[in-house]
Novice: 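Dropping a structure here in structure tokens format, bear with me for questions.
As the structure is a computational prediction, the values presented were derived from the model and not from experiment.
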Amino acid sequence: MAQPTFSTHLGMVDILPGEVEQWHTLERIIHEEAKKFNFEEIRTPILEQTELIARGVGQLTDIVSKEMFAFERGEDQYVLRPECTAPVARAYVEHHLDQRGGTQNLYYIGPMFRAEKPQKGRQRQFHQFGAEIIGAQDPAADVDIIALMMSIYDRIGIRNTTLKINSVGDPESRKIYTKALKDYLRPHLAELSEISQKRFENNPLRILDSKEQEDQPIVDNAPVITDFLTDETADHYKRVKALLRELNISFVEDPHLVRGLDYYTRTAFELISPDLGAQDALGGGGRYDLLIEEIGGQPTPAVGFAAGIERLLIACEELDIKLAEEDMLDVYIVTLGEKARSWAIKHLPRLREAGLSASMDYIGRSIKAQMKDADRENARHVIIVGENELSEGKFVLRDMKASEEVALPFDDILEELSA
RNA sequence: GAGCCUGUAGCUCAGUUGGUUAGAGCGCCAGGUUGUGGCCCUGGAGGCCGUGGGUUCAAAUCCCAUCAGGCUCCCCA
């Protein structure tokens with residue numbers, strides 16, 4: 001295959017006609033469900049200040065330490081956003097959205113960027129949708145966020161998923177737990193994988209998430225954070241679980257679930273699909289009560305989720321879920337000769353004004369080629385215009401499915417098709 | 001960052017132990033139907049066999065390098 005002069009960058013893909021329709025369907029469902037849950041859309045810039053992401057997401061995370069597309073221009077440090085919770089929190093603080101009163105229920109859809117090695121379900125530019133409830137610390141908020149996420153998957157038809165939840169604690173319980181965990185791990189340190197050894201000092205909680213074979217027996221017997229929660233946080237977790245049960249949202253507790261972003265506190269959750277392969281997380285989220293203060297706002301509790309659209313599409317394909325029908329065209333005008341073509345270009349607007357989708361041949365193809373083209377475009381009707389029709393003022397209207405034709409004045413055709 | 005796999009037509013892929021002008025299906029264009037789509041028939045266009053080098057009388061085929069892509073580990077959406 002001859003190499004084209006230009007191609008997309010590694011891990012970035014074009015979404016072509018024929019695929020875009022599925023995105024429209026997904027986006028429509030997301031908008032509709034978000035509206036039902038009384039969430040408002042927010043759109044933030046693709047580029048943020050690097051420092052916002054570094055502080056918000058956490059210096060030690062993989063995302064910040066090695067996956068950012070960052071550059072500088074003049075004095076300013078830019079980064080292509082790798083996720084959208086920190087940007088939404090920034091917008092909340094910057095525009096004093098708390099002054100609108102109550103909680104802010106916000107959702108977003110858009111591209112995110114992480115400089116990882118691409119594989120199935122992982123691209124460098126990928127798309128997420130997500131939602132945040134800012135200003136509520138009640139378990140009802142945690143549960144409504146999860147309910148919104150689940151409701152979107154349910155609408156799409158993806159139901160064989162597993163919701164995993166955990167509580168990653170608040171700073172106080174985490175301090176107690178971290179000490180207990182390190183006390184437990186210290187005698188086993190030499191047996192741990194290299195990467196886990198590196199995490200021992202700066203991020204021991206992440207060792208729990210390890211998928212390294214040699215770590216498994218050690219991790220399996222490690223103390224779990226849920227045994228070290230402060231009373232308040234333990235109660236919060238208990239109430240989240242109770243509410244989920246009442247809503248018939250099934251879940252499994254995973255005491256080793258630790259999400260890769262630093263800002264999570266208390267509730268953490270992840271939605272797993274068996275249809276995805278290696279990258280099996282459809283979406284995830286949790287509570288981040290410290291983030292807004294961290295980036296310069298007032299202490300404000302918040303909870304949210306983010307989910308990947310590409311992974312959703314993979315799951316749909318695996319499950320044979322059809323997201324979009326083929327586009328239909330209402331009318332295709334087939335023309336014979338120069339005069340007919342100029343008649344057609346002048347009459348297309350009237351069809352379109354009547355709310356019909358309408359097109360024609362621009363390149364003087366044969367009638368046969370035009371009919372073929374009309375068929376390819378899924379035209380419901382064809383109007384045939386030639387010398388005879390122009391002189392008689394009656395045009396052939398062909399119903400493509402029924403293969404029936406009538407000759408009518410244009411106004412009658414318009415009326416017929418608008419009916 | 002590490003491992004494994006794959007590069008032949010627009011797409012999906014054949015291509016025997018190296019051996020004439022490199023094939024199929026689908027798609028595209030045209031004709032069969034001097035003004036009618038789908039089905040059918042016929043024809044046509046379209047390939048530096050990813051790129052560079054080597055072995056050989058001879059390379060899509062063997063060897064080396066390189067580039068690109070896919071999958072996996074790590075991590076995440």
Side-chain angles (χ1 to χ4, degrees), chain A residues 1-4 7-11 13 16 18 57 60-67 81-85 109-130 149 193-196 198-199 203 206 209-213 215 257-261 270-273 276-285 305-315 329 332 334-337 340 361 363 365-390 395-405 407:
Chain A
M1 212 184 314
Q3 310 222 355
S7 60
T8 58
H9 277 298
L10 178 66
V13 302
L16 299 173
V57 176
L60 298 174
T61 59
D62 284 0
I63 291 176
V64 171
S65 61
K66 57 186 190 195
E67 296 170 3
R81 62 182 187 193
E83 59 97 55
C84 214
T85 296
I109 307 178
M112 310 295 160
F113 302 82
R114 294 181 199 174
E116 289 188 280
K117 187 156 181 178
Q119 52 185 279
K120 187 177 187 183
R122 169 183 295 160
Q123 295 163 196
R124 291 186 156 192
Q125 175 174 344
F126 61 104
H127 297 77
Q128 288 188 328
F129 61 94
M149 182 176 82
S193 64
E194 202 179 323
I195 186 158
S196 290
K198 257 166 56 189
R199 285 176 179 155
N203 208 352
R206 287 279 293 287
D209 228 9
S210 170
K211 280 159 191 159
E212 300 290 330
Q213 204 70 42
D215 294 345
L257 175 66
V258 178
R259 298 189 48 76
L261 290 73
E270 204 165 273
L271 191 67
I272 303 298
S273 163
L276 288 184
Q279 272 63 51
D280 64 353
L282 278 168
F305 81 87
I309 294 185
E310 284 83 356
R311 290 188 184 178
L312 222 165
L313 287 167
I314 292 171
L329 178 69
Y332 188 107
V334 167
T335 59
L336 289 111
D361 168 78
I363 53 180
R365 281 177 284 195
S366 69
I367 182 167
K368 183 180 170 130
Q370 292 184 54
M371 290 299 293
K372 226 176 145 160
D373 195 33
D375 191 52
R376 192 165 31 218
E377 301 289 339
N378 290 319
R380 292 191 172 87
H381 295 275
V382 157
I383 298 173
I384 298 167
V385 184
E387 294 290 335
N388 302 342
E389 287 79 1
L390 285 173
F395 306 90
V396 174
L397 175 65
R398 180 179 178 86
D399 181 321
M400 292 294 273
K401 195 157 173 234
S403 298
E404 284 164 5
E405 293 183 358

Novice: When the P atoms of A59(B) and U55(B) are compared, how many Å lie between them, rounded to an integer?
Specialist: 11 Å
Novice: If you look at every strand shown and take non-hydrogen atoms under 4.0 Å, does G121(A) touch a base, only sugar-phosphate, or nothing?
Specialist: base
Novice: Should L282(A) and S273(A) be marked as a side-chain contact (heavy atoms from CB on, under 4.5 Å) after you check the CA-CA gap, both sets of side-chain angles, and the distance that decides it?
Specialist: CA-CA 6 Å; L282(A) 278 168; S273(A) 163; 3.6 Å; yes
Novice: Using whole Å, what does the distance between atom P of nucleotide G1(B) and atom NZ of K66(A) come to?
Specialist: 10 Å
Novice: Say you pick atom P in C11(B) and the same atom in G19(B); how far apart are they, in whole Å?
Specialist: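 Per the computed distance, 26 Å lies between those P atoms.
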Novice: Checking only heavy atoms, does the side chain of R311(A) share a donor-acceptor pair with the base of C76(B) at less than 3.5 Å?
Specialist: yes
Novice: Atom CD of Q370(A) and atom P of C28(B): how far apart are they, to the nearest Å?
Specialist: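 For the pair Q370(A) CD and C28(B) P, the rounded distance is 16 Å.
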Novice: Between atom CZ in R114(A) and atom C1' in A77(B), what is the gap in whole Å?
Specialist: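 R114(A) atom CZ is separated from A77(B) atom C1' by 6 Å.
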Novice: Assess whether a salt bridge exists between K372(A) and D375(A), defined as any Lys/Arg side-chain N lying under 4.0 Å from an Asp/Glu carboxylate O.
Specialist: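 Not counted as a salt bridge, because no side-chain N and carboxylate O are separated by less than 4.0 Å.
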Novice: Any idea which of C75(B), A77(B), U72(B) is nearest the D62(A) side chain?
Specialist: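 Of the candidates, C75(B) comes closest.
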Novice: Determine the Euclidean distance between corresponding P atoms of G18(B) and C13(B); express it in Å to zero decimal places.
Specialist: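 C13(B) and G18(B) have their P atoms separated by 25 Å.
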Novice: Given atom CD of E67(A) and atom P of C75(B), what is their separation to the nearest angstrom?
Specialist: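 Distance, rounded to whole Å: 11 Å.
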Novice: Between A307(A) and V13(A), which is nearer to the 5' end of RNA chain B once each is assigned its nearest nucleotide?
Specialist: V13(A)
Novice: Using the test salt bridge (charged side-chain N to carboxylate O under 4.0 Å, His left out), find all partners of E116(A) that sit at least two apart in sequence or belong to another chain.
Specialist: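 By the salt bridge (charged side-chain N to carboxylate O under 4.0 Å, His left out) rule, E116(A) matches R122(A).
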Novice: Rounded to whole angstroms, how far apart are CD1 on I109(A) and P on A77(B)?
Specialist: 17 Å
Novice: Taking pairing as Watson-Crick or G-U wobble with both contacts under 3.5 Å, can you name the mate of G1(B), or confirm there isn't one?
Specialist: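 Check on G1(B): paired to C73(B), both distances under 3.5 Å.
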Novice: Do F305(A) and L271(A) touch side chain to side chain, with heavy atoms closer than 4.5 Å?
Specialist: no
Novice: For the pair D373(A) and R365(A), find out whether any cationic side-chain nitrogen is under 4.0 Å from an anionic carboxylate oxygen.
Specialist: yes
Novice: Using only heavy-atom distances, decide whether a donor-acceptor pair under 3.5 angstrom links the side-chain of E116(A) to the base of A77(B).
Specialist: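 In this structure, the two groups form a donor-acceptor pair.
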Novice: Examine distances only and state if a side-chain atom of E310(A) and a backbone atom of H127(A) form a donor-acceptor pair shorter than 3.5 Å.
Specialist: yes
Novice: U36(B) pairs with which nucleotide, Watson-Crick or G-U wobble, both distances below 3.5 Å?
Specialist: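 With both distances under 3.5 Å required, U36(B) matches none.
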Novice: Does U72(B) have OP1 or OP2 sitting under 4.0 Å from an N or O in the side chain of Q119(A)?
Specialist: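 Indeed, a polar side-chain atom of Q119(A) lies that close.
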Novice: With C1' as the reference atom in both, quote the distance from G7(B) to C49(B) in angstrom, rounded to an integer.
Specialist: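 The same atom, C1', in both gives a distance of 9 Å.
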Novice: Using modelled atom types and a 3.5 Å cut-off, is there a donor and acceptor pairing between side-chain atoms of R311(A) and backbone atoms of A281(A)?
Specialist: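 Yes.
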Novice: Considering only atom P, compute the distance from A30(B) to G35(B) and round it to an integer number of Å.
Specialist: 15 Å
Novice: Is there a Watson-Crick or G-U wobble partner for U56(B) with both distances under 3.5 Å, and which nucleotide is it?
Specialist: none
Novice: Which atom names give the shortest non-hydrogen contact between M400(A) and A374(A), and what distance separates them?
Specialist: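 Scanning both residues completely, I find the closest heavy atoms to be CE-CB, 4.3 Å.
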Novice: Under 4.0 Å, counting only non-hydrogen atoms across every strand here, what does I309(A) touch: a base, just sugar-phosphate, or nothing?
Specialist: nothing
Novice: Please answer whether the main-chain N or O of P111(A) pairs with a side-chain N or O of Q128(A) as donor and acceptor at a distance below 3.5 Å.
Specialist: no
Novice: My understanding is that a pair needs two contacts under 3.5 Å, Watson-Crick or G-U wobble. By that rule, which nucleotide pairs with A24(B)?
Specialist: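 Paired with U12(B).
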Novice: Under 3.5 Å between N/O atoms: give me all the protein pairs with nucleotides 2-6 of chain B, atom names plus distance.
Specialist:
none

Novice: If you take all heavy atoms of K401(A) and D399(A), which pair is closest and at what distance?
Specialist: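 That would be N-OD1, 3.0 Å.
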Novice: Describe the nucleic acid contact of L312(A) in one word from base, sugar-phosphate, nothing, applying a heavy-atom distance below 4.0 Å.
Specialist: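 Since no nucleic acid heavy atom lies under 4.0 Å of L312(A), the category is nothing.
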Novice: What interatomic distance, in whole Å, is found between P of U17(B) and the corresponding atom of U56(B)?
Specialist: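 So the two P atoms sit 23 Å from each other.
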Novice: Taking protein heavy atoms under 4.0 Å as touching, what does nucleotides 29-42 of chain B look like 5' to 3' if B marks base contact, S marks sugar-phosphate-only contact and - marks none?
Specialist: SS-B--BBBB----
Novice: Given that both distances must come in under 3.5 Å, which nucleotide forms a Watson-Crick or G-U wobble pair with A68(B)?
Specialist: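 Here A68(B) is engaged in a pair, and the nucleotide opposite it is U6(B).
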Novice: To the nearest Å, give me how far apart CG (L10(A)) and C1' (G70(B)) are.
Specialist: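 In whole Å, G70(B) C1' lies 11 Å from L10(A) CG.
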Novice: For C48(B), which nucleotide is its Watson-Crick or G-U wobble mate, given both distances must be under 3.5 Å?
Specialist: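 Result: none.
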Novice: About how many Å separate NZ of K120(A) and CD1 of I314(A), when rounded to the nearest 0.5 Å?
Specialist: 6.0 Å
Novice: For U16(B) and U33(B), measure between their C1' atoms and round to the nearest Å.
Specialist: 44 Å
Novice: Sub-3.5 Å donor-acceptor pair from the side chain of E377(A) to the main-chain atoms of A379(A), do we have one?
Specialist: no
Novice: Rounded to whole angstrom, note down the C1' distance from G32(B) over to G50(B).
Specialist: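 Per the computed distance, 41 Å lies between those C1' atoms.
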Novice: Who is the Watson-Crick or G-U wobble partner of G43(B), with both distances under 3.5 Å?
Specialist: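 For G43(B), the partner nucleotide comes out as C29(B), under the 3.5 Å rule.
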